[in-house]
> 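Following this message is one structure expressed as structure tokens.
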Amino acid sequence: MTRVLVTGGAGYIGSHVVKALGEAGYQVVTYDNLSTGHQWAVLYGDLVVGDLADKKRLREVFAQYRPKAVMHFAAHIVVPESVKNPLKYYRNNTVNAVNLLEACVEFGVENFIFSSTAAVYGEPEQIPITEAAPLEPINPYGQSKVLVEKILSDCSKAYPFRYVALRYFNVAGADGKIRIGQVSPKPTHLITRAVKTALGQIDRLEIYGTDYPTPDGTCIRDYIHVDDLAHAHILALEHLLSSGESRIFNCGYGHGYSVREVVEKTKEVTGIDFPVVEAPRREGDPPALVADSTRIQRELNWQPKDDDLGYIIKTAWEWEKRVMRERVRRKT
Ligand code: UDP
């Protein structure tokens, strides 16, 4: 049976991929420092609590489990924080990726899947964005990921090593069975904030900027359900395991929704007319980010199953209600 090491497998996206790997019959070992992840989120395989900065521990895990492939999710992801503290991002996202790659090379792991991001494109000139668009990140978070992509490319030329970098657009929603989902003490993402506002946990939802050059003046994003994204990882893994070459793929649906459209859909799905106010722009938000995902559809035959904004919001809503119920239960 093929064993896969998943760093950050206790986090939001990582845990959905661990689930998909387990369901597809892979043996999984998660390596996670639980700084933002949760033990309960790891539905399959073993969990090793460890940090990527800890090279000794990492080597022990490689020696013990001898993975055939590595999927690397563990990273910091908060853009404004990366602007304030870039070294934290270069240390954790870039330097620690080098630690992981050193272990891969030492233990002969030739297959690597990397969580990249649409933030590598910065403010793209053309929408939808193809993988050939220039890499011009506008914040250290995006830059920390670009650097890893470049390191991966160099490694693929120097060692027996192939990789797939998946550039995620706006990942949202939760497991269809509502077993796992996003948990964040200070959520910044639109759909999470919208459902929390519907639940009364946030007083009113702010729309950041209504004067963008878009049809309704608010930003447009390509929201992709986390389970469809997880499936893209399985296809990427199969590609590498069947000796496919190193590739980079956008992960999005190829069409976007404005902030206002997401707000209206959230009201419809939840049945709650929660308070919404117009607020100034948030720094660093490009007007529109929409993936051209032709390449992954064509080359990996990725076929989205959950390309439905209502379903994405519904799963996020059901998950948020579950989190709230369990919090109440724990207190009583
Ligand atoms: N947004 C908003 N109000 C919120 C959170 C987000 O208007 O409370 C907007 C944000 O400015 C952006 C879009 O929603 O235009 C998506 O933001 P999110 O943080 O979800 O993802 P990002 O595209 O920044 O990765």
Side-chain angles (χ1 to χ4, degrees), residues 5-18 30-39 41-42 47-59 61-62 70-104 112-123 135-155 163 165-172 182-190 192-193 208 226 229 251 281-286 289:
L5 177 78
V6 182
T7 75
Y12 170 50
I13 299 173
S15 63
H16 285 80
V17 175
V18 167
T30 290
Y31 189 78
D32 196 302
N33 65 8
L34 298 184
S35 61
T36 54
H38 301 273
Q39 191 174 352
V42 182
L47 167 65
V48 177
V49 180
D51 199 289
L52 287 170
D54 186 349
K55 291 202 222 178
K56 186 167 165 278
R57 186 97 181 92
L58 203 50
R59 291 184 76 254
V61 171
F62 272 78
V70 167
M71 292 192 178
H72 179 38
F73 297 90
H76 294 318
I77 57 159
V78 183
V79 169
E81 184 191 39
S82 80
V83 176
K84 287 202 183 75
N85 194 354
L87 292 176
K88 176 174 175 180
Y89 278 68
Y90 291 122
R91 165 74 52 197
N92 190 40
N93 294 6
T94 311
V95 176
N96 284 348
V98 173
N99 290 348
L100 181 62
L101 288 166
E102 281 172 349
C104 288
F112 194 93
I113 294 175
F114 177 57
S115 298
S116 192
T117 167
V120 299
Y121 298 117
E123 297 189 9
L135 302 183
E136 289 168 355
I138 53 169
N139 51 60
Y141 165 68
Q143 188 70 269
S144 73
K145 293 277 182 178
V146 169
L147 290 170
V148 177
E149 285 197 11
K150 292 193 190 300
I151 293 166
L152 287 170
S153 168
D154 290 342
C155 287
Y163 71 95
L166 297 174
R167 293 179 179 157
Y168 309 160
F169 282 66
N170 286 61
V171 188
Q182 191 160 31
V183 184
S184 164
K186 285 188 194 160
T188 59
H189 290 124
L190 177 62
T192 307
R193 290 188 67 80
Y208 301 142
V226 63
L229 181 67
C251 293
R281 289 182 177 198
R282 189 173 70 176
E283 213 182 316
D285 277 340
L289 282 178

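If you read the sequence from its start, that first residue is 1, and numbering goes on from there. This is a predicted model, so every value here is computed, not measured.
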> Sequence neighbours left out, what passes salt bridge (Lys or Arg N to Asp or Glu O under 4.0 Å) with E81? Give chain and number order.
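For E81 the salt bridge (Lys or Arg N to Asp or Glu O under 4.0 Å) partners, ignoring immediate neighbours, are K88.
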> Which heavy atom of L135 sits nearest a heavy atom of K150, and at what distance?
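It is CD1-NZ, 4.5 Å.
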> Do T117 and Y141 come close enough that some side-chain heavy atom pair is under 4.5 Å?
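Heavy-atom side-chain distance check passes, below 4.5 Å.
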> Who pairs with R281 by salt bridge (Lys or Arg N to Asp or Glu O under 4.0 Å), at least two apart in sequence or on another chain?
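With neighbours one apart ignored, the set is D211.
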> Given side chains that start at C-beta, do those of D54 and K56 come closer than 4.5 Å, heavy atoms only?
yes
> Could you tell me the separation between the CD atom of Q182 and the NE2 atom of H189, rounded to the nearest 0.5 Å?
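Reported value, rounded in 0.5 Å steps: 6.0 Å.
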> First locate atom CD of Q143, then atom OG1 of T94, and finally report the distance between them rounded to the nearest 0.5 Å.
8.5 Å
> Does the side chain of F62 come within less than 4.5 Å of L100's, by heavy atoms?
yes
> Look only at the side chain of S15 and the backbone of Y12, and say whether a donor-acceptor pair between them is shorter than 3.5 Å.
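The answer is yes, because a donor-acceptor pair under 3.5 Å joins these two groups.
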> Between atom CG of N170 and atom CG of L190, what is the distance when rounded to the nearest 0.5 Å?
8.5 Å
> Just to verify, which of S144, S82, S115 counts as forming a side-chain hydrogen bond (donor to acceptor under 3.5 Å, both in side chains) with N93?
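Result for side-chain hydrogen bond (donor to acceptor under 3.5 Å, both in side chains) with N93: S144.
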> Is the shortest heavy-atom distance from the side chain of Y89 to the side chain of V83 under 4.5 Å?
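When only atoms from C-beta onward are counted, V83 and Y89 do not touch, as no gap falls below 4.5 Å.
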> When D51 is tested against each of N92, T7, N33 for side-chain hydrogen bond (donor to acceptor under 3.5 Å, both in side chains), which residue passes?
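Going through the options one by one, the only one that passes is N33.
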> Where is the tightest heavy-atom contact between Y31 and L5, given as atom of each residue plus distance?
CB-CD1, 4.1 Å
> Could you please spell out the steps behind the side-chain contact (heavy atoms from CB on, under 4.5 Å) verdict for L229 and H16?
CA-CA 9 Å; L229 181 67; H16 285 80; over 6 Å; no
> Would you indicate whether E102, at its atom CD, is surrounded by more than 12 heavy atoms from other residues, nucleotides or ligands within a distance under 6.0 Å?
yes
> Between D32 and A10, what is the shortest heavy-atom contact and its length?
OD2-N, 2.9 Å
> Testing the basics here: between G8 and F73, what is the closest heavy-atom pair and its distance to 0.1 Å?
O-CB, 4.0 Å
> Measure the spacing between NZ of K145 and CG of N139 and express it to the nearest 0.5 Å.
12.0 Å
> Once ring-ring contact (aromatic ring centres under 6.0 Å, His included) is applied, do any residues pair with Y121, and if so which ones, sequence neighbours excluded?
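With neighbours one apart ignored, the set is empty.
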> Shortest non-hydrogen contact from A53 to N99?
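Scanning both residues, the minimum pair turns out to be CA-ND2, 3.7 Å.
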> List the atom of R193, the atom of P187, and the distance in Å for their closest heavy-atom pair.
NH1-O, 2.9 Å
> Return the CD to CG distance between E123 and D285, rounded to the nearest 0.5 Å.
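Here the interatomic distance stands at 9.0 Å.
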> What distance do L101 atom CG and F112 atom CZ have between them, rounded to the nearest 0.5 Å?
4.5 Å
